[in-house]
Amino acid sequence: MSEHYKQSQAEQKLDIIDLNDLEEQAAKVIPVGGFGYIAGGSEDEWTLRENTVAFDRRNIIPRVLTGVENPSLDTSIFGIPLKLPIIMAPCAAQGLAHARGETATAEGVAAAGTLMAQSTYSSASIADTAAAAKGSPQFFQIYLSKDWKFNEYLMDEAKRAGCKAIIATADSTLGGYREADLRNNFQFPLPMANLQAFSGGNGQGKSISEIYAAAAQRITTADIRRIAEYSGLPVIVKGIQCAEDAERAIGAGASGIYVSNHGGRQLNGGPASFEVLPDVARAVNGKVPVIFDSGIRRGSHVFKALACGADLVAVGRPVVYALALGGAQGATSVFEQLKKELSIVMQLAGTQTVSDIRGAKLVSSYPGEN
Ligand SMILES: Cc1cc2nc3c(=O)[nH]c(=O)nc-3n(C[C@H](O)[C@H](O)[C@H](O)COP(=O)(O)O)c2cc1C
């Protein structure tokens, strides 16, 4: 199948006006099976659509006479300085979007001054992706295998490559019901480097459901503790959608909570990720940092997520589309665009710094409700 899969080789800065435009443009560049896998959600994609629509239900109050000028987007996580509170979400198989895959993304994300999360199911290896970032910070996202030898191998590689935290994704003990993949009979046309290096069973020719089926289904809080103890790195649990699970994860030694519904790719019919964020953030209560993703397409969405308790937000699909359209420079363009939009929102909302955003109060967009 791989010889028929035509990968983009584009390398250019993108002139972005609205991140939402990228999807249609990328559909012209990415082969149909790969595009369906990247763009799709589960079932009829209600949750996928809700993820972005939900931001419209909370409003930002414009503030005046605040003396704000040139807002600063600088922030940090675990003591790692970042130029903006926006990072790259872990996304599998980026070779589907570009011949250089994650190595181009890593380079582009580093140029934007922020952090890349590598997926277990990357097209490129942990070491090659880390090398492309030339010392810029990276996290490693683990999909637990039933085979702890593989889990340990991944964590060893991540540590050797200098990754600064492990993101343990807990919401994908099987694949969501993704209809685009079924209609396209999508099987990964390219190998996944981390699988290949360990077992030679590299994912090529497999569907996403087959790949998830080979991973662990019975994941519990004990696994979080085991990852933390083995790796010695901060562990961030990804896929948290309610206060109780956040508390259980922290109780098991999690050093970060990652609020996400996997971009609407897992449980369709669940709420927008943004809807559950305030509850989760209240439960976390500053004990550990909160990362948020799913549906972020605008600077105002970033602002609203931070105002509702996120410390950082992550972006998935728009960066993968931009990778297809412009390689490393394309990826950088997405972060620059969000930075531009967020700076405008910060100025008009009277917030000079990222911590000022956290103190901003949003109001309901429904009259009479707050
Ligand atoms: C093509 C693609 C591959 C993904 N692969 C992974 C993955 O390997 N591990 C993971 O934890 N999340 C994965 N996700 C979910 C993202 O980390 C993130 O939660 C989601 O993309 C955020 O929503 P957004 O695309 O609306 O920004 C993937 C998402 C996409 C679109």
Side-chain angles (χ1 to χ4, degrees), residues 19-20 22-23 26 30 33-42 45 47-55 86-98 101-102 105 115-124 126 129 139-145 154 165-173 175-176 178 180-181 186 188 190 192-195 203 208 211-212 215 219 235-241 258-267 270 272-274 277 291-298 301-302 305 310 312-324 331 334-335 338:
L19 289 193
N20 289 298
L22 296 174
E23 181 164 316
I30 305 173
F35 179 78
Y37 167 72
I38 295 163
S42 48
E45 302 186 334
T47 300
L48 167 63
R49 289 189 297 279
E50 269 290 290
N51 276 341
T52 300
V53 169
F55 289 107
I86 310 166
I87 66 169
M88 173 62 191
C91 287
Q94 292 174 34
L96 295 172
H98 195 276
E102 292 79 7
T105 317
L115 189 152
M116 156 111 175
Q118 292 193 31
S119 163
T120 292
Y121 299 150
S122 291
S123 305
I126 298 173
T129 306
F139 289 170
F140 177 72
Q141 176 267 323
I142 194 163
Y143 274 131
L144 280 179
S145 167
L154 289 170
I166 304 285
I167 298 172
T169 298
D171 63 7
S172 305
T173 52
R178 301 185 196 167
D181 290 347
F186 179 68
F188 286 97
L190 307 162
M192 295 173 173
N194 299 324
L195 302 191
I208 186 69
I211 287 173
Y212 279 140
I219 298 180
V235 179
I236 302 159
V237 181
K238 179 168 186 272
I240 297 286
Q241 290 277 285
Y258 194 143
V259 177
S260 169
N261 61 25
H262 218 104
R265 297 161 74 80
Q266 289 299 100
L267 181 61
S273 195
F274 182 61
L277 173 62
I291 304 177
F292 169 87
D293 79 21
S294 297
I296 298 252
R297 299 293 179 269
R298 296 202 169 272
H301 300 164
V302 179
L312 294 180
V313 305
V315 181
R317 292 182 187 83
V319 183
V320 182
Y321 298 146
L323 176 68
V334 166
F335 292 94
L338 284 172

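Order of appearance sets the numbers: ligands from 1, and atoms from 1 within every ligand.
- Contact check for L115 versus M88: no side-chain heavy atoms found under the 4.5 Å cut-off.
- Remark: I236 CD1 to S260 OG distance equals 12.5 Å, nearest 0.5 Å.
- Near ligand 1, residues Y37, I38, A89, P90, C91, A92, S119, Q141, Y143, T169, K238, S260, H262, G263, R265, D293, S294, G295, R297, V315, G316, R317 come within 4.0 angstrom through at least one heavy atom.
- Remark: F335 engages no residue in a ring-ring contact (aromatic ring centres under 6.0 Å, His included) (not counting sequence neighbours).
- Within the 3.5 Å criterion, the main-chain N or O of G263 finds a donor-acceptor partner in the side chain of R317.
- Applying the ring-ring contact (aromatic ring centres under 6.0 Å, His included) rule to Y121 yields the partners Y143; only residues at least two apart in sequence or on another chain are considered.
- Checked against ring-ring contact (aromatic ring centres under 6.0 Å, His included), H262 has no partners two or more places apart in sequence or in another chain.
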